[in-house]
Chemist: 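Below are the structure tokens for one structure; questions will follow.
Below, each value reflects all heavy atoms present in this structure, side chains not excepted, and no hydrogens, waters or symmetry copies.
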Amino acid sequence: MPLFYHPSMSDARLEQFKKMAAQFPDAPMAHFSLGKALLEARRYAEAAEALETAVRLDPQYAAALVSLGDAYSGAGQTSRAREVLTRARDTALAQSHASLAEEIDERLAGLE
């Protein structure tokens with residue numbers, strides 16, 4: 001465990017993002033932030049739920065799609081991860097984010 005990790009700070013951060021998502025239910029960024037925090041905590045099912053909401057609110061949110069793919073991968077849902085990451089790559093390319101598309105290709109190659 002890294003020395004800088006402090007569980008109560010992490011818990012407080014999660015609570016902050018949960019409140020933000022509840023306060024701004026129609027804001028994709030709020031759900032994305034919550035999903036990323038849950039992903040970092042390796043709470044993959046909860047992360048996927050928050051990230052699915054972000055993507056539902058903004059289907060072109062490439063970063064949320066990538067993180068959703070990571071959540072599915074972490075949860076062992078490889079086929080769903082591959083599907084979402086492929087969609088994320090297509091979205092990134094459509095938005096002229098070639099470097100993000102390359103990063104996604106690396107994730108796709110790493111899926112079992």
Side-chain angles (χ1 to χ4, degrees):
M1 180 180 321
L3 295 175
F4 58 85
Y5 178 78
H6 189 277
S8 64
M9 286 175 52
S10 179
D11 292 344
R13 185 169 168 241
L14 275 173
E15 287 306 311
Q16 176 187 5
F17 288 129
K18 285 180 183 179
K19 287 179 185 176
M20 184 172 55
Q23 187 176 7
F24 302 101
D26 296 328
M29 177 62 94
H31 297 281
F32 171 72
S33 298
L34 174 58
K36 285 290 286 184
L38 289 163
L39 190 58
E40 289 172 17
R42 297 182 181 187
R43 292 166 58 176
Y44 300 116
E46 292 172 88
E49 188 176 320
L51 293 162
E52 286 167 352
T53 300
V55 170
R56 180 179 47 77
L57 292 169
D58 183 356
Q60 301 304 310
Y61 198 161
L65 285 164
V66 172
S67 295
L68 179 56
D70 290 345
Y72 286 147
S73 179
Q77 298 181 35
T78 307
S79 63
R80 289 183 86 179
R82 184 173 288 109
E83 178 185 318
V84 170
L85 288 170
T86 299
R87 181 174 158 204
R89 183 187 59 215
D90 294 344
T91 300
L93 289 172
Q95 296 172 353
S96 300
H97 294 298
S99 61
L100 179 58
E102 288 177 23
E103 184 180 319
I104 295 165
D105 282 335
E106 290 174 15
R107 281 176 163 83
L108 283 165
L111 289 176
E112 298 175 5

Chemist: Show me the donor-acceptor pairs within less than 3.5 Å that the side chains of residues 85-97 make with the rest of the protein, sequence neighbours left out.
Modeler:
| from | atom 1 | to | atom 2 | distance (Å) |
| --- | --- | --- | --- | --- |
| Thr86 | OG1 | Arg82 | O | 2.8 |
| Arg87 | NH2 | Pro59 | O | 3.2 |
| Arg89 | NH1 | Asp105 | OD1 | 3.0 |
| Thr91 | OG1 | Arg87 | O | 2.9 |
| Gln95 | NE2 | Gln60 | O | 2.8 |

Chemist: Going by side chain to side chain contact (heavy atoms under 4.5 Å, CB included), name the residues that satisfy it together with Arg56, two or more places apart in sequence or in a different chain.
Modeler: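 Applying side chain to side chain contact (heavy atoms under 4.5 Å, CB included) to Arg56 gives Thr53.
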
Chemist: Tabulate below the donor-acceptor pairs under 3.5 Å that side-chain atoms of residues 25-45 make, not counting sequence neighbours, or state none.
Modeler:
| from | atom 1 | to | atom 2 | distance (Å) |
| --- | --- | --- | --- | --- |
| His31 | NE2 | Pro25 | O | 3.0 |
| Ser33 | OG | Met29 | O | 2.9 |
| Glu40 | OE1 | Arg13 | NH1 | 2.9 |
| Arg43 | NE | Glu46 | OE2 | 2.8 |
| Arg43 | NH2 | Glu46 | OE1 | 2.8 |
| Arg43 | NH2 | Glu46 | OE2 | 3.3 |

Chemist: Are Tyr72 and Leu65 in one and the same hydrophobic cluster, where Ile, Leu, Val, Met, Phe, Trp and Tyr link if side-chain heavy atoms are under 4.5 Å apart?
Modeler: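 Yes; tracing contacts between hydrophobic side chains, which count when under 4.5 Å, links both residues.
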
Chemist: What's in the same ILVMFWY side-chain cluster as Leu57, cut-off under 4.5 Å, chained through other members?
Modeler: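 When side chains under 4.5 Å apart are linked, Leu57 ends up in no cluster with other residues.
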
Chemist: Is there a path of hydrophobic side-chain contacts, each under 4.5 Å between heavy atoms of I, L, V, M, F, W or Y residues, that connects Phe24 with Val55?
Modeler: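 Phe24 does not cluster with Val55.
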
Chemist: Under a 4.5 Å cut-off applied to non-hydrogen side-chain atoms, are Thr78 and Ser73 in contact?
Modeler: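 With C-beta onward as the side chain, the pair stays apart.
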
Chemist: Around atom CD of Glu49, are there more than 12 heavy atoms from other residues, nucleotides or ligands closer than 6.0 Å?
Modeler: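 No, CD of Glu49 has 12 or fewer neighbouring heavy atoms, counting only those of other groups under 6.0 Å.
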
Chemist: So, using side chain to side chain donor-acceptor pair (under 3.5 Å) as the criterion, who are the partners of Glu103 when residues are at least two apart?
Modeler: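 Partners of Glu103 by the side chain to side chain donor-acceptor pair (under 3.5 Å) criterion, ordered by chain and then number, come out as Arg107.
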
Chemist: Taking only residues two or more places apart in sequence, or in another chain, which ones meet Glu15 in a salt bridge (Lys or Arg N to Asp or Glu O under 4.0 Å)?
Modeler: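 Lys18.
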
Chemist: Would you name the heavy atoms of Leu51 and Leu68 that are closest together and state the gap between them?
Modeler: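 The pair with the smallest heavy-atom distance is CD1-N, 3.7 Å.
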
